[in-house]
Amino acid sequence: MSLVGKKFPNVTIDAMSEMGDDLRINVFEEATANQQKVLLFWYPKDFTFVCPTELHAFQEALGEFEKRNTKVIGASCDTNEVHFAWLNVSKDNGGIEGVTYPLLADTHRQLANLLGIVDQDFEYNDEGEEVFTGSNVTYRATYLIDETGKIFHESVNDMPLGRNVKEYLRLIDAYTHVQKHGEVCPANWEEGKEAMKADRNSTAEYLAKN
């Protein structure tokens with residue numbers, strides 16, 4: 001079930017800073033109390049393969065997110081200790097040394113289960129006993145949350161598929177344009193391009209020119 005248009009869950013989760021500090025982060029409050037947007041991205045596990053490429057890609061774009069008043073937060077179901085161990089492995093050895101945004105450590109899967117993004121299921125064996133199936137880690141889910149705590153974008157990739165960080169910058173730009181100007185953004189809209197009023201005439205004019 002989609003959570004777009006709904007408030008992000010108001011729960012507080014353990015997290016780790018790049019300096020090894022144990023944190024407690026409430027994503028909803030990060031958005032509402034600080035009047036900023038939040039990009040929360042989930043990845044399956046520390047010390048894996050596609051995951052470090054994504055964490056470094058978000059780090060490389062961190063300045064662009066900050067320019068847009070957007071806080072970046074990573075998340076997985078690993079512990080704080082495992083996060084910190086990975087933060088101390090160099091990039092050329094497959095680690096995430098140099099990542100400076102916080103990482104949620106949702107070890108009890110409290111938030112991940114509320115979001116419905118954990119790869120888990122249950123079956124019954126011949127004796128009628130419940131048997132757990134699945135990897136019990138999260139898919140590559142991404143949430144964009146506005147200053148009111150509302151989710152304005154969500155996407156979920158299967159585990160082998162890495163994300164395009166630039167697309168989230170585009171979505172933030174588009175949503176910010178809507179907030180500021182009350183216009184709607186057509187397909188492939190980018191900052192500086194023409195948007196539209198939400199009426200039939202404006203759509204017809206836009207299509208006639210494009």
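Because the structure is predicted, anything quoted here is derived from the model rather than measured. Each residue takes its place number in the sequence, starting with 1.
- Proximity of Ile73 to Leu40: side-chain heavy atoms (C-beta onward) are separated by under 4.5 Å at one or more points.
- Around atom NZ of Lys7, more than 12 heavy atoms belonging to other residues, nucleotides or ligands sit under 6.0 Å away.
- Between the side chains of Asn34 and Glu147, no donor-acceptor pair of N or O atoms lies under 3.5 Å.
- Using modelled atom types, one finds no donor on one side chain facing an acceptor on the other under 3.5 Å when comparing Thr176 with Arg68.
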Please lay out, stage by stage, how Val137 and Ser76 fare under the test side-chain contact (heavy atoms from CB on, under 4.5 Å).
CA-CA 8 Å; Val137 299; Ser76 77; over 6 Å; no
I'd like to know whether Ser155 forms a side-chain hydrogen bond (donor to acceptor under 3.5 Å, both in side chains) with Tyr143, so could you lay out the CA-CA distance, the side-chain angles of the two residues, the decisive distance to 0.1 Å, and finally the verdict.
CA-CA 7 Å; Ser155 59; Tyr143 298 88; over 6 Å; no
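- Cluster membership for Leu103 and Tyr168, using ILVMFWY side-chain heavy atoms within less than 4.5 angstrom, is shared.
- Residues Trp42 and Val156 fail the side-chain proximity criterion, which asks for heavy atoms closer than 4.5 Å.
- Every pair tested for salt bridge (charged side-chain N to carboxylate O under 4.0 Å, His left out) that includes a residue from residues 105-120 fails, sequence neighbours excluded, so the list is empty.
- Side-chain contact annotation: Ser2 with Glu154, donor-acceptor N/O pair under 3.5 Å present.
- Rounding to the nearest 0.5 angstrom, the gap separating the CG atom in Asp199 from the CE atom in Met196 is 9.0 Å.
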Verdict with reasoning, Phe41 to Leu55, per side-chain contact (heavy atoms from CB on, under 4.5 Å):
CA-CA 9 Å; Phe41 74 97; Leu55 272 77; 3.8 Å; yes
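- Atom-to-atom distance recorded for Cys51:SG and Met159:CE is 9.0 Å, nearest 0.5 angstrom.
- In the hydrophobic clustering of this structure, Val72 groups with Ile172; members are Ile, Leu, Val, Met, Phe, Trp, Tyr whose side-chain heavy atoms approach within less than 4.5 Å, directly or through other members.
- Shown here for Gln120 and Asn113, the closest heavy-atom pair between the two residues is NE2-OD1, 2.7 Å.
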Determine whether Leu169 and Phe65 satisfy the following criterion, side-chain contact (heavy atoms from CB on, under 4.5 Å), listing intermediate values before the conclusion.
CA-CA 7 Å; Leu169 293 168; Phe65 287 106; 3.5 Å; yes
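- Thr32 and Gly149 make their closest contact through CG2-N, 3.6 Å (heavy atoms, listed as atom of the first residue, atom of the second, distance).
- A salt bridge links Glu54 with Arg140: the closest approach of a Lys/Arg side-chain nitrogen to an acidic carboxylate oxygen falls below 4.0 angstrom.
- With rounding to the nearest 0.5 angstrom, the CD1 atom of Ile145 is 12.0 Å from the NZ atom of Lys71.
- Residues Leu171 and Val4 are members of separate hydrophobic clusters, defined by side-chain heavy-atom contacts under 4.5 angstrom among Ile, Leu, Val, Met, Phe, Trp and Tyr.
- For Asp14 and Arg24, the salt-bridge test passes: some basic side-chain N is under 4.0 Å from an acidic carboxylate O.
- Using a 4.5 Å cut-off on side-chain heavy atoms (C-beta onward), Asp173 and Trp189 make contact.
- For the pair Ile25/Glu30, a side-chain contact is recorded, criterion being any heavy-atom separation below 4.5 Å from C-beta on.
- More than 12 heavy atoms of other shown residues, nucleotides or ligands fall within 6.0 angstrom of atom CZ in Phe47.
- For the pair Arg163 and Asn157, the tightest heavy-atom approach, listed with the atom from each and the gap, is CG-ND2, 3.7 Å.
- Not less than 6.0 angstrom separates the ring centroid of Tyr101 from the ring centroid of Phe58.
- Here the side chains of Asp158 and Tyr139 are in contact, with some heavy-atom distance below 4.5 Å.
- Around NZ of Lys6, the count of heavy atoms belonging to other residues, nucleotides or ligands within 6.0 Å exceeds 12.
- Crowding of His181 atom NE2: a count of heavy atoms from other residues, nucleotides or ligands under 6.0 Å exceeding 12.
- Listed by chain and residue number, nothing satisfies the salt bridge (charged side-chain N to carboxylate O under 4.0 Å, His left out) test with Lys180 (two or more places apart in sequence, or in another chain).
- Criterion: ILVMFWY side-chain heavy atoms under 4.5 Å apart, direct or through other members. Under it, Val11 and Met16 are not part of a common hydrophobic cluster.
- Not one N or O on the side chain of His177 forms a donor-acceptor pair closer than 3.5 Å with the backbone of Gly182.
- Nearest approach of Gln59 to Val99, heavy atoms of both residues: OE1-CA, 3.4 Å.
- Side-chain atoms of Pro102 and Leu23, non-hydrogen and from C-beta on, do get closer than 4.5 Å to each other.
- Residue pairs that meet the side chain to side chain donor-acceptor pair (under 3.5 Å) test with at least one member in residues 201-210, sequence neighbours left out, are Glu194-Lys209.
- In the model, Thr48 has no side-chain atom that pairs as donor or acceptor with a side-chain atom of Tyr43 under 3.5 Å.
- Listed by chain and residue number, nothing satisfies the salt bridge (charged side-chain N to carboxylate O under 4.0 Å, His left out) test with Glu191 (two or more places apart in sequence, or in another chain).
- Residues meeting the ring pair (Phe, Tyr, Trp, His ring centres under 6.0 Å) test with Tyr175, sequence neighbours left out: Phe152.
- For the pair Lys45 and Asp78, the salt-bridge criterion is not met [side-chain N within less than 4.0 Å of a carboxylate O].
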Anything under 3.5 Å between a donor and an acceptor, one on a side chain of residues 83-91, the other on a protein residue two or more places apart or in another chain? List them.
unit_1 : atom_1 : unit_2 : atom_2 : d
His83  : ND1    : Asp46  : OD1    : 3.4
His83  : ND1    : Asp46  : OD2    : 2.8
His83  : NE2    : Leu104 : O      : 2.8
Trp86  : NE1    : Gly94  : O      : 3.1
Asn88  : ND2    : Phe84  : O      : 2.7
Ser90  : OG     : Asp92  : OD1    : 2.6
Ser90  : OG     : Asn93  : ND2    : 3.1

Applying side-chain contact (heavy atoms from CB on, under 4.5 Å), run through His56 and Ile96 and close with a yes or a no.
CA-CA 7 Å; His56 285 296; Ile96 59 168; 4.3 Å; yes
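- Scanning all heavy atoms of the two residues, the minimum distance from Ala195 to Pro186 falls at CA-CD, 4.0 Å.
- The two residues Ala198 and Val184 come nearest to each other via the heavy atoms CB-CG1, 4.0 Å.
- Looking at Leu144 and Lys37, their side chains never come closer than 4.5 Å, going by heavy atoms from C-beta outward.
- Taking 4.5 Å as the limit, some side-chain heavy atom of Asn10 sits within range of a side-chain heavy atom of Asn26.
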